[in-house]
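All remarks here apply to the structure that follows.
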Amino acid sequence: MKIRTRFAPSPTGFMHVGNLRTALYEYLVAKHEDGTFVLRIEDTDQERYVEGATDVIYDTLRIAGLIHDEGPDIGGDYGPYVQSERLSLYKPYAEELVKKGCAYYCFCTKERLEQLHESGAVGYDRHCRNLSEQEIADNLAKGMPYVIRQKMPVEGESTYNDLVYGDITVPYEDLDDQILLKADGFPTYNFANVIDDHTMGITHVVRGSEYLSSTPKYNALYSDFGWDIPTYIHLPLIMGKTVNEDGTETISKLSKRHGSTGFMDLINEGFLPEAIINYIALLGWAPSDNQEIFTLDELIKAFDIHGISKSPSVFDYDKLEWVNAEHIKRMTAEEFTAHAKPYYDKYNISEDKYILLDEILKPRITRFTQLDEKLGFLGSLADYAIELFEHKKSKSTIETSKAMLEDAIPLLENVDWDRDSITDALKKYAEEHEIKNSVIMWPVRIAAAGVAVTPGGCAEVLILLGREESLRRIRIGLNKLKEL
RNA sequence: GGCCCCAUGGUCAAGCGGUUAAGACGGCGCCCUCUCACGGCGCAAUCAGGGGUUCGAGUCCCCUUGGGGUCACCA
């Protein structure tokens, strides 16, 4: 049988990386076996409706590359794929359960339930579970608002198997009569979820481990209807770590206090979609070998449920940064340039410099947003401190710098303007004067760049600036030194 | 609090009865070097504690401790 998984987010306008990882695993579970990945929108909560929120879901999945085979926007044989459009479907199922004696009408008011909870009760007290036929008929005739509740077994226990966690057993006495159909006629998630998964032919239910203890309720529903229970794959949660004022650390479910947790937030900070996907794939799953950098296609091939771990994992921004850098390093020159182009344009960099920039920039950034800082010296010459010319390790001092710049000017005026020629000329000069290469390289680079740290060395900086601008800056540097 | 789940370095983790307990991030050191990176080499750092089972336990069982989840007319 072909595997069918589903991603069923509710449109909140925000895609948490935890949700995205769930979507990713659902996608991988299906695609590893050449199965079908379905998108279903769970919008049964009318009070939480957010305008444009479904677009965030579509955009995220598209950018992340998790392309669904069926969904609200592309259709499929099991539609509609939006719960609010399936509304008429749920009530008959709920009523069928009532007829079977597996569910019942409940007329308790919200006020009564609130009081119940305030008095310390946990769950529902099953107040309406045994109303007489007559009472029910009367209440219904009076038009009293009602919900439909699931009639759970009261004793014994329920066991099911999860592919990650193994057998899970929960005593029935700990499971209450949950609401299936709300007073507004909408199904609860707990109910819609089961109906939809079954009617959509979902074979593997992949979700966060927070559902582990309520799954027996769903299983009771499946068996009440006489349906097959799907294969369960529960995922460990993604956590965040904060350091408290007293130096201790707190680990809790990843949230905004830990940093950016929304997919789009991460994108805006300069993380690549493929790097985010790569990193979150590794949070809670490990391949059978030691590979760490994956493309989505490689993940599809390598993914194996056996590699999913049971314990929660902490989101590590440092490692995400490293994964991002690795993806950048693996880019072709064309790909790198495409990402860097906006920054190049900002500094009016001509196309003939792209190859050089690819070479010197690629190993020096972990995110493209750092390009501004790396390229900054090209835009204008900073009013740098004269001490920049002093560098112990390079044996460069104010005095040597002055002499070097003086000699460098005529040399650079006549050398062929390419990397090798410039480097050779400077090295030859050093050799002839029996000094270290750095004694001349250092001051020339500093004078040209005006900053201590540059991507690339002396020759690269000169090439990027061009002969004219380079010489202009070196003369400025020389004057600075002479003024002392 | 009841119930469910989890437990290998700071973090992600391999391990599925016999290993010097992998690898990666981060940290530190060295090398390369005209700066910063990249790259190379190396170092420090883990089986929560206690009982069993076994010739042998990080691996199996129990307890303790710790962590997480869940107990809505949210999903």
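Predicted, not measured: the structure shown is a model, and the values here were computed from it.
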When the distance from OH of Y211(A) to C1' of C4(B) is rounded to whole Å, what number comes out? 16 Å

Please classify the nucleic acid contact of K393(A) as base, sugar-phosphate, or nothing, using heavy-atom distances under 4.0 Å. base

Would the number of heavy atoms belonging to other residues, nucleotides or ligands and lying under 6.0 Å from CD of E432(A) be above 12? yes

Could you please name the partner base of G29(B), counting Watson-Crick and G-U wobble pairs only when both distances are under 3.5 Å? C41(B)

Residue whose nearest RNA chain B nucleotide is more 5′ - H117(A) or N190(A): H117(A)

Check the pair D167(A), Y160(A) against side chain to side chain donor-acceptor pair (under 3.5 Å), reporting the backbone distance first and the verdict last. CA-CA 6 Å; D167(A) 285 343; Y160(A) 69 97; over 6 Å; no

Once the angle between the rings of H339(A) and F368(A) is folded into 0 to 90°, is it parallel (under 30°), tilted (30 to 60°) or perpendicular (over 60°)? parallel

Considering only the C1' atoms, how many Å lie between G23(B) and A45(B), rounded to the nearest integer? 15 Å

Please lay out, stage by stage, how F315(A) and Y279(A) fare under the test ring-ring contact (aromatic ring centres under 6.0 Å, His included). CA-CA 9 Å; F315(A) 193 94; Y279(A) 176 66; 5.1 Å; yes

Distance between the C1' atoms of A44(B) and C28(B), in whole angstroms? 8 Å

Considering only atom P, compute the distance from A22(B) to U46(B) and round it to an integer number of Å. 12 Å

Using both distances under 3.5 Å as the test, list the Watson-Crick or G-U wobble partner of U35(B), or none. none

Using atom P in both nucleotides, what's the gap between A7(B) and C61(B) to the nearest angstrom? 11 Å

Does E292(A) offer a backbone N or O that forms a donor-acceptor pair with the side chain of N278(A) under 3.5 Å? yes

Check the distance between G27(B)'s P and W322(A)'s CH2 and give it to me in whole angstrom. 14 Å

Cation-aromatic face contact R21(A)/Y25(A), 6.0 Å, 45 degrees: yes

Go through R112(A) and D125(A) one step at a time and tell me if the salt bridge (charged side-chain N to carboxylate O under 4.0 Å, His left out) criterion holds. CA-CA 11 Å; R112(A) 177 172 184 279; D125(A) 64 355; 2.6 Å; yes

Please report, rounded to the nearest Å, how far the C1' atom of C36(B) is from the CD atom of E359(A). 15 Å

Listed nucleotide nearest any side-chain atom of K182(A), set C71(B), U35(B), C74(B): C74(B)

Under a 4.0 Å heavy-atom criterion, the protein footprint on nucleotides 5-15 of chain B, written with B, S and -, is SSS--SSSSS-

Expressed in angstrom and rounded to an integer, what is the separation of R112(A) atom CZ from C73(B) atom C1'? 14 Å

If you only use heavy atoms from C-beta on, which nucleotide in C34(B), C71(B), U70(B) is closest to the side chain of E210(A)? U70(B)

Return the nearest nucleotide to the side chain of L113(A); candidates are C34(B), C73(B), G2(B). C73(B)

When rounded to the nearest Å, what value does the distance between C1' atoms of C47(B) and G9(B) take? 10 Å

When rounded to the nearest Å, what value does the distance between C1' atoms of C74(B) and A57(B) take? 45 Å

Report the base-pairing partner of U59(B) (Watson-Crick or G-U wobble, both distances below 3.5 angstrom), or none. none

What's the NZ-C1' distance between K110(A) and C74(B), to the nearest Å? 11 Å

Any strand: nucleotide that pairs with A24(B) via Watson-Crick or wobble, under 3.5 Å: U11(B)

So, H234(A) versus Y232(A), ring centres under 6.0 angstrom or not? yes

Out of C36(B), G69(B), C4(B), which nucleotide sits closest to the side chain of V170(A)? C4(B)

Mind checking G457(A) for me? I need base, sugar-phosphate or nothing, with any heavy atom below 4.0 Å counting as a touch. base

Between A37(B) atom P and R367(A) atom CZ, what is the distance in whole Å? 17 Å

Please report the distance, rounded to the nearest Å, between CE in M152(A) and P in C3(B). 17 Å

Position toward the 5' end of RNA chain B (nearest nucleotide), T109(A) or S438(A): S438(A)

Ignoring the backbone of P171(A), work out which of C4(B), A75(B), C73(B) is nearest its side chain. C4(B)

Given the P atoms of U8(B) and G58(B), what is the spacing between them in whole Å? 15 Å

Are Y211(A) and Y189(A) close enough that their ring centers fall under 6.0 Å? yes

Could you please name the partner base of C16(B), counting Watson-Crick and G-U wobble pairs only when both distances are under 3.5 Å? none

Between G39(B), U35(B), C73(B), spot the one nearest the side chain of E326(A), thanks. G39(B)

Drop me the distance from C106(A)'s SG to Y146(A)'s OH, to the nearest 0.5 angstrom. 12.0 Å

Could you give the distance separating U35(B) and A24(B) at their P atoms, to the nearest angstrom? 27 Å

Using whole Å, what does the distance between atom P of nucleotide A37(B) and atom CD of E373(A) come to? 11 Å

Partner nucleotide, any strand, of U70(B) [Watson-Crick/G-U, under 3.5 Å]: G2(B)

